[in-house]
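These notes are about the structure you will find just below.
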Amino acid sequence: MVIRIQKPPAHINHFLHHPFTTISTPPPQDPTTLATQILNSTSKTLPQILESQSPSIQWTPQLVNKTLKTLWNHGPKALQFFTNLLRHPHFTPHASSFDHAIDIASRLRDYKTTWSLVSRMRSLRLGPTPKTFAIITERYAASGKPDRAIRVFLNMHEQGCRQDLNSFNSLLDVLCKEKRVEKAYGLFKMLRGRFKPDVVSYNIIASGWCLIKRTNKALEVLKEMVERGISPNLRTYNIMLNGYVRAGQIKEAWEFFMEMKKRKCEIDVVTYTTIVHGFGVMGEIKRARKVFDEMIKEGVLPSVATYNAMIQVLCKKDSVENAILVFEEMVRKGYVPNSITYNLVIRGLCHEGEMERAMDFVERMKSDNCEPNVQTYNVVIRYFCDSGEIEKGLDVFEKMDREGCLPNLDTYNVLINAMFVRKKSDDLLVAGRMLIEMVDRGFMPRKFTFNRVLNGLLLTGNQEFAKEILRLQSRCGRLPRKLKL
DNA sequence: GTAGGGTTAG
């Protein structure tokens with residue numbers, strides 16, 4: 001049974017802390033330890049594990065959410081954990097935990113679970129909230145079902161959640177981020193009478209056009225906005241600026257930036273970061289550095305993101321050594337590098353073949369209380385494998401497991417591909433086991449990957465294992481049409 | 001999680 005311990009009133013507190021009172025304080029509730037226990041459990045032992053925690057553990061939303069996040073790359077286990085918790089009569093779920101679980105279920109394309117969580121949420125009067133719908137529509141749009149996303153939005157009021165301008169903007173954003181700006185703009189025009197678009201709506205559509213490098217369309221939309229009496233804001237300008245940079249129109253970007261200055265537009269750290277990044281990707285390191293130095297004189301302090309932009313472009317167009325100088329400079333100035341910063345430097349070092357120094361940075365990351373994430377490990381695994389050091393790649397794979405970092409689809413793809421280079425039959429067995437593991441964790445291998453592993457196993461005389469993989473493939477619906485029963 | 005800047009592979 002799960003007991004929620006509530007903070008006692010102050011007068012009771014006195015008795016609780018009396019030396020003769022035997023009520024113990026709850027143990028430290030560490031989501032990582034909990035997640036590890038859950039990962040090592042089976043569907044049978046999981047309820048017992050949760051049960052054994054129950055006398056002391058407080059299932060706060062933070063603990064539940066953090067645990068779900070840690071289990072992100074093992075969706076089925078994450079959902080098992082959450083649905084088991086829901087069975088406990090004394091567990092009081094929070095709307096945000098439902099949203100996390102719904103996010104995980106819809107990422108697995110398990111829409112049955114998704115919607116049953118929604119109705120559970122509803123029966124507990126916790127939602128669904130507009131955020132819940134943003135999650136679900138994003139998942140539909142991301143898996144090639146933008147029309148389904150739109151339908152979900154149009155029907156959300158039936159789930160007790162009224163559409164408003166905010167939720168409309170969310171939907172437009174989701175469609176634009178999935179590069180369905182054409183569709184988003186059509187919907188925008190169709191429903192603008194009903195939702196009265198604002199500057200946010202227009203900014204979303206404009207950045208959608210910019211994302212697919214159609215800066216002229218973005219300008220057109222913004223012109224229409226002004227004609228309708230809505231003024232652009234700083235974000236609007238930053239969106240256009242970034243659009244030019246993305247589209248490689250660096251001349252236009254610079255002119256736009258100059259125009260902003262001339263018109264005494266407020267210019268902020270985002271504007272500068274965009275320019276630094278823009279010059280950098282064009283290989284104009286000196287000009288990037290100049291803008292970087294200039295912004296401080298103009299009274300705009302760089303952010304960690306600005307440093308990240310600078311570090312990235314130095315790695316790509318200059319040298320890692322200079323990038324590391326900037327890294328040390330930011331640390332000296334009291335900035336705290338984040339995981340993106342570390343990953344950039346690590347990637348830069350890997351790219352130069354400096355694998356040992358890259359691994360040193362992974363350690364430094366840890367000692368700086370910035371846990372290496374799945375992207376960090378993916379980078380070093382990829383570079384080890386690409387340089388033929390398969391064994392070291394596998395070592396890092398084991399290391400991340402020990403550190404409690406779950407691999408994602410990229411990790412498996414990189415490693416499975418690497419299992420073919422040495423032409424060793426043992427490697428194919430490893431590939432087969434990885435294939436089984438990734439499916440177990442909710443990742444869908446491509447048909448190509450299945451076939452490659454299958455052929456490899458057959459050619460190395462592992463007929464029995466090949467059959468097992470074939471059965472797995474058919475369960476995944478990844479069989480060639482002819483073989484499907 | 002209503003909008004803008006840093007991680008990704010050719």
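Below, chain A is the first sequence line, B the second, and so on; all start at residue 1.
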Quiz item: Cation over ring, A:R120 on A:W115, under 6.0 Å and within 45°?
Solution: no

Quiz item: Taking the C1' atom of each, how far is B:dG5 from B:dA9, in whole Å?
Solution: 22 Å

Self-check item: Listed once per pair and sorted, the ring pair (Phe, Tyr, Trp, His ring centres under 6.0 Å) pairs that draw on residues 321-340 of chain A, sequence neighbours left out
Solution: A:Y307-A:Y335, A:F327-A:Y342, A:F327-A:F361

Quiz item: Which nucleotide in the list B:dT2, B:dG6, B:dG1 gets nearest to the side chain of A:I340?
Solution: B:dG6

Quiz item: Looking at the side chain of A:T306, which of B:dG6, B:dG5, B:dG1 is the nearest nucleotide?
Solution: B:dG5

Quiz item: Given A:R357, which of A:E321, A:E363, A:E352 fulfils the salt bridge (charged side-chain N to carboxylate O under 4.0 Å, His left out) condition?
Solution: A:E321

Self-check item: Working for salt bridge (charged side-chain N to carboxylate O under 4.0 Å, His left out), residues A:E294 and A:K261
Solution: CA-CA 13 Å; A:E294 229 172 57; A:K261 275 187 160 177; 3.8 Å; yes

Quiz item: Of the candidate nucleotides B:dG6, B:dT7, B:dT2, which contains the atom at the shortest distance from the side chain of A:R347?
Solution: B:dT7

Practice problem: Round to a whole Å and report the spacing from CG of A:N343 to P of B:dT7. | Solution: 11 Å

Quiz item: Think A:R382 has a side-chain N or O under 4.0 angstrom from the OP1 or OP2 of B:dT8?
Solution: no

Self-check item: Between C1' of B:dA9 and CG of A:L409, the distance in whole Å
Solution: 13 Å

Quiz item: A:N169 side chain N/O closer than 4.0 Å to the phosphate oxygens (OP1, OP2) of B:dA3?
Solution: no

Self-check item: Proximal nucleotide (of B:dA3, B:dT2, B:dG5) relative to the A:V199 side chain
Solution: B:dA3

Quiz item: Looking for any heavy atom pair under 4.0 Å, which part of the strands does A:N413 touch: base, sugar-phosphate only, or nothing?
Solution: nothing

Quiz prompt | A:E328 atom CD: more than 12 heavy-atom contacts under 6.0 Å | solution = yes

Quiz item: Which is true for A:L165 with a 4.0 Å heavy-atom rule: it touches a base, it touches only sugar-phosphate, or it touches nothing?
Solution: nothing

Practice problem: Answer yes or no: is there a donor N or O on one side and an acceptor on the other, between the side chain of A:T137 and the main chain of A:F133, under 3.5 Å? | Solution: yes

Quiz prompt | Residue pairs passing the side chain to side chain donor-acceptor pair (under 3.5 Å) test where at least one lies in residues 185-202 of chain A, sequence neighbours excluded | solution = A:N169-A:D198, A:N169-A:S201, A:Y185-A:E224, A:R192-A:E224, A:D198-A:S201, A:Y202-A:E224

Quiz item: Is the base of B:dG5 syn or anti, where syn means the angle lies within 90° of 0?
Solution: anti

Practice problem: Ignoring the backbone of A:D198, work out which of B:dT2, B:dG6, B:dA9 is nearest its side chain. | Solution: B:dT2

Practice problem: Could you measure between the two C1' atoms, the one in B:dG6 and the one in B:dT2, and give it in whole Å? | Solution: 23 Å

Quiz item: What is the distance, rounded to the nearest whole Å, between atom NZ of A:K316 and atom C1' of B:dG6?
Solution: 10 Å

Quiz item: Between B:dG5, B:dA9, B:dT2, which nucleotide gets closest to the side-chain atoms of A:R246?
Solution: B:dG5

Exercise. Check step by step if side-chain hydrogen bond (donor to acceptor under 3.5 Å, both in side chains) holds for A:Y412 and A:E437.
Key: CA-CA 9 Å; A:Y412 286 112; A:E437 186 179 86; 2.6 Å; yes

Quiz item: OP1, OP2 of B:dG5 versus side-chain N and O of A:H277: anything below 4.0 Å?
Solution: no

Exercise. Can you sort out which residues in residues 250-270 of chain A have a heavy atom within less than 4.0 Å of DNA chain B? Ascending by number, please.
Key: A:D268, A:V269, A:V270

Exercise. Decide yes or no, distance alone: a donor-acceptor N/O pair under 3.5 angstrom between the base of B:dG5 and the side-chain of A:T274.
Key: no

Quiz item: Counting side-chain heavy atoms from CB outward, which of B:dT7, B:dT2, B:dG1 is closest to A:E138?
Solution: B:dG1

Quiz item: Does a distance-only test, which skips hydrogens and angles, find a donor-acceptor pair under 3.5 Å between the side chain of A:S303 and the base of B:dG5?
Solution: yes

